[in-house]
Amino acid sequence: MSDQKTLLVFAHSDEASAFADVPHIVSGVGKVNASVALAGALANGGIERVIVLGTAGVVGNADEDRPSLDTIYQVTRLIQHDFPLASDDVVPTGEVLLPDTQATMATGDVFVSNDEQRAHISGLNAQLVDMEGYAYASMCQRFDVPLQIFKVPSDYADSSTSMDDWDAIVIAKSVQLREFYDAHLISASPIS
């Protein structure tokens, strides 16, 4: 694994705050920013693997199977929740490192913070929601580059959640992601 050229990707600079000493890119928030930034990096060639680290909202129901805010999940299936036409699910082709904490994630160009949106997305059989994952997975699929997505939940994507809450929480979540990276991914040899 250490001989691979790995691109480490974050959507938001706060998610990357604990990674100042590790080469990475920050794509920007939303599907368009994610697509453009990752396509540009992949078009330059030389990347053999992409790892996305970041935060997500929990959309699962309040029961024992609902994702925990303290656990890192590997996203192994992605769907779009805000696209009016049927779109194929995307399955990242990277190695599954967390078989006990896999999740389906829905992606859309909206910060989900209301109960009706959360219920709709949960009804699509997603446990997590973000604003970039589907785009990252689609780009990696088009360029035939293995992808791994690891997300730590930051909130419950409901009416109690605000952008201010997210901003305050995400820096602590970056530290949690860094601990995970150091323990499980550091041998991935990020490109500089």
Side-chain angles (χ1 to χ4, degrees), residues 7-12 15 27 29-35 38 49-161 166 169-170 173-174 176-177 180-181 184-185:
L7 178 63
L8 190 60
V9 180
F10 298 87
H12 192 280
E15 292 174 325
S27 69
V29 175
K31 290 187 282 187
V32 171
N33 288 327
S35 295
L38 187 54
R49 175 182 179 208
V50 173
I51 297 174
V52 173
L53 296 172
T55 58
V58 172
V59 292
N61 294 322
D63 60 22
E64 60 193 48
D65 293 332
R66 179 165 77 171
S68 163
L69 296 181
D70 297 320
T71 302
I72 294 177
Y73 294 87
Q74 184 166 2
V75 176
T76 53
R77 180 175 158 260
L78 292 116
I79 58 176
Q80 292 191 89
H81 71 80
D82 66 343
F83 195 66
L85 303 175
S87 57
D88 292 335
D89 295 357
V90 181
V91 176
T93 60
E95 176 186 1
V96 175
L97 296 181
L98 303 176
D100 296 332
T101 56
Q102 295 179 57
T104 295
M105 187 165 68
T107 298
D109 278 319
V110 61
F111 183 81
V112 177
S113 61
N114 90 27
D115 298 326
E116 186 177 318
Q117 289 173 318
R118 186 195 55 74
H120 165 72
I121 296 164
S122 180
L124 299 173
N125 295 317
Q127 294 82 42
L128 301 174
V129 63
D130 84 338
M131 296 175 67
E132 303 81 23
Y134 190 93
Y136 294 140
S138 294
M139 281 302 123
C140 285
Q141 186 178 63
R142 289 172 194 251
F143 282 89
D144 196 26
V145 174
L147 168 68
Q148 294 169 300
I149 299 176
F150 300 99
K151 293 282 189 164
V152 61
S154 56
D155 57 77
Y156 288 111
D158 60 15
S159 59
S160 69
T161 305
W166 186 86
I169 293 167
V170 74
K173 295 297 182 175
S174 181
Q176 186 178 357
L177 287 166
F180 172 77
Y181 173 83
H184 301 283
L185 301 172

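The figures that follow rest on heavy atoms only: side chains count, while hydrogens, waters and symmetry mates do not.
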Task: Ile51/Tyr181 under side chain to side chain contact (heavy atoms under 4.5 Å, CB included): CA gap, chis, key distance, verdict - done: CA-CA 10 Å; Ile51 297 174; Tyr181 173 83; 5.6 Å; no
Open item on the list: Given Ser154, which partner from the list Leu69, Val58, Asp130, Ile169 fulfils the side chain to side chain contact (heavy atoms under 4.5 Å, CB included) test?
Closed with: Ile169
Task: Set of salt bridge (charged side-chain N to carboxylate O under 4.0 Å, His left out) partners for Lys173, sequence neighbours left out - done: none
- [ ] Compare every heavy atom of Ala103 with every heavy atom of Leu128, then report the nearest pair and how far apart it is.
- [x] CD1-CB, 3.8 Å
TODO: Mind checking salt bridge (charged side-chain N to carboxylate O under 4.0 Å, His left out) for Asp89 and listing every partner two or more places apart, or none if nothing turns up?
DONE: Arg77
Task: From Thr71 atom OG1 to Gln176 atom CD, the distance as rounded to the nearest 0.5 Å - done: 7.5 Å
TODO: With rounding to the nearest 0.5 Å, note down the distance linking CE in Met139 to CG in Leu38.
DONE: 7.5 Å
Task: Heavy-atom closest contact (Phe150 atom, Leu177 atom, distance) - done: O-CD2, 4.3 Å
TODO: Kindly give the heavy-atom pair with the smallest separation between Thr107 and Gly133, and that separation in Å.
DONE: OG1-N, 3.5 Å
Task: From Gln148 atom CD to Leu97 atom CG, the distance as rounded to the nearest 0.5 Å - done: 4.5 Å
TODO: Of all the heavy-atom pairs spanning Leu53 and Phe10, show the shortest one and how long it is.
DONE: O-CD2, 3.2 Å
TODO: Look at the side chain of Thr101 and the backbone N and O of Ile72, then say whether any donor-acceptor pair between them is shorter than 3.5 Å.
DONE: yes
Task: Sidechain-backbone polar pair: Tyr73 side chain, Leu98 backbone, donor-acceptor under 3.5 Å - done: no
Open item on the list: As an exercise, state the distance from CG of Asp109 to CD of Gln80, rounded to the nearest 0.5 Å.
Closed with: 8.5 Å
Open item on the list: Against Val50, only a single residue in Leu8, Leu147, Ile149 fulfils side chain to side chain contact (heavy atoms under 4.5 Å, CB included); can you say which?
Closed with: Leu147
- [ ] Sequence neighbours left out, what passes side chain to side chain donor-acceptor pair (under 3.5 Å) with Gln74? Give chain and number order.
- [x] none
- [ ] To the nearest 0.5 Å, tell me how far Asn125 CG sits from Ile79 CD1.
- [x] 7.5 Å
- [ ] Please report the shortest heavy-atom distance between Ala137 and Val90, naming the atom on each side.
- [x] CB-CG1, 3.3 Å
Open item on the list: For Thr55, is there any backbone N or O sitting under 3.5 Å from a side-chain donor or acceptor partner on Lys151?
Closed with: yes
Task: Gap separating the CE atom of Met105 from the CG atom of Leu78, nearest 0.5 angstrom - done: 5.0 Å
Open item on the list: Tell me the closest heavy-atom pair linking Tyr156 and Pro67, and the distance in Å.
Closed with: CE2-O, 4.3 Å
